[in-house]
Amino acid sequence: KNEVEQSPQNLTAQEGEFITINCSYSVGISALHWLQQHPGGGIVSLFMLSSGKKKHGRLIATINIQEKHSSLHITASHPRDSAVYICAVKSAGNQFYFGTGTSLTVIP
Amino acid sequence: GAGVSQSPRYKVAKRGQDVALRCDPISGHVSLFWYQQALGQGPEFLTYFQNEAQLDKSGLPSDRFFAERPEGSVSTLKIQRTQQEDSAVYLCASSSTGELFFGEGSRLTVL
């Protein structure tokens, strides 16, 4: 049973394209995180959100609590955006559940 | 320190050896998490500490895995009698206000 499901698993885009990665979860949460992991690199936190929408540069994250769904959007994608994007939710019990990640490749 | 520090970054062990992986969280962070990440997979929860108390160890895959955080700061994940299926990246994360900060991970290869 996966508490967090992400789609797509793999995504290839041309530079400049608008990208959407989706995350659905089945547990009650206090917060949802979007994380970025570059090949061979550590994981960095992009967003932590519990409602609405957040924007940072070309990245936008939205969450719909009623539908238990979140999206991560990348506008004007660039090859340096190539990474694995992971959705993680923090339950009321302070446990984190992770999706398996979406591997994004942006081609110049 | 400025971030979460893990050591060693890479460890090769022969099957049956014991290994110890260290995590230095961000100073003052109460919560500390250990995760196991197999190749091509997302992180899988192993265990969680709040200060020195191990509040959840439900993710530890077997009794060969043991974690401690005796003084509420540095944590050690110990794996006894390593098996090939233990090969993975072991990630440590710390948190204070809910935001997660990850270390670079310790990549364990069991031959």
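Order of the sequence lines sets the chain letters (A, B, ...), proteins ahead of strands, with each chain counted from 1. Note: hydrogens, waters and symmetry copies are ignored here, and every other heavy atom, side chains too, is used.
Residues A/S45 and B/L100 approach most closely at CB-O, 3.7 Å, considering heavy atoms.
A single hydrophobic cluster is seen to contain both A/I63 and A/V27, as judged by linkage of ILVMFWY side chains at heavy-atom distances under 4.5 Å, directly or through other members. No path of Ile, Leu, Val, Met, Phe, Trp and Tyr side chains, each step under 4.5 Å between heavy atoms, connects B/Y35 with A/M48, placing them in separate hydrophobic clusters. Cluster membership check: B/L77 does not share its hydrophobic cluster with B/L91, using side-chain heavy-atom separations under 4.5 Å among Ile, Leu, Val, Met, Phe, Trp and Tyr. Put simply, A/I86 and B/V89 are part of the same group of oily side chains (I, L, V, M, F, W, Y) that touch within less than 4.5 Å, one to the next. The hydrophobic clustering, which links ILVMFWY residues whose side-chain heavy atoms are closer than 4.5 Å, places A/L35 and A/Y25 apart.
In this structure the side chain of B/P43 reaches within 4.5 angstrom of the side chain of A/I43, judged on heavy atoms.
Crowding of B/R9 atom CZ: a count of heavy atoms from other residues, nucleotides or ligands under 6.0 Å exceeding 12. Residue B/Q54 qualifies as enclosed at atom CD: its count of foreign heavy atoms under 6.0 Å is above 12. Atom CD of A/Q9 has 12 or fewer heavy atoms from other residues, nucleotides or ligands within 6.0 Å. Atom CD of B/E85 has more than 12 neighbouring heavy atoms from other residues, nucleotides or ligands inside a 6.0 Å radius.
Using a 4.5 Å cut-off between heavy atoms, B/Q37 contacts chain A through its side chain alone, with no backbone atom that close. Interface remark: B/L55 contributes no atoms to any contact with chain A (heavy atom separation under 4.5 Å). Interface residue B/S31: only side-chain heavy atoms are found under 4.5 Å from chain A.
Proximity of the aromatic rings of A/F96 and B/F45 is defined here by a centroid distance below 6.0 angstrom, and this criterion is not met.
Of all residues in residues 97-108 of chain A, those placing a non-hydrogen atom less than 4.5 angstrom from a non-hydrogen atom of chain B are A/F98, A/G99, A/T100. Contacts of residues 101-111 of chain B with chain A at a heavy-atom distance below 4.5 Å involve B/F102, B/G103, B/E104, listed in sequence order.
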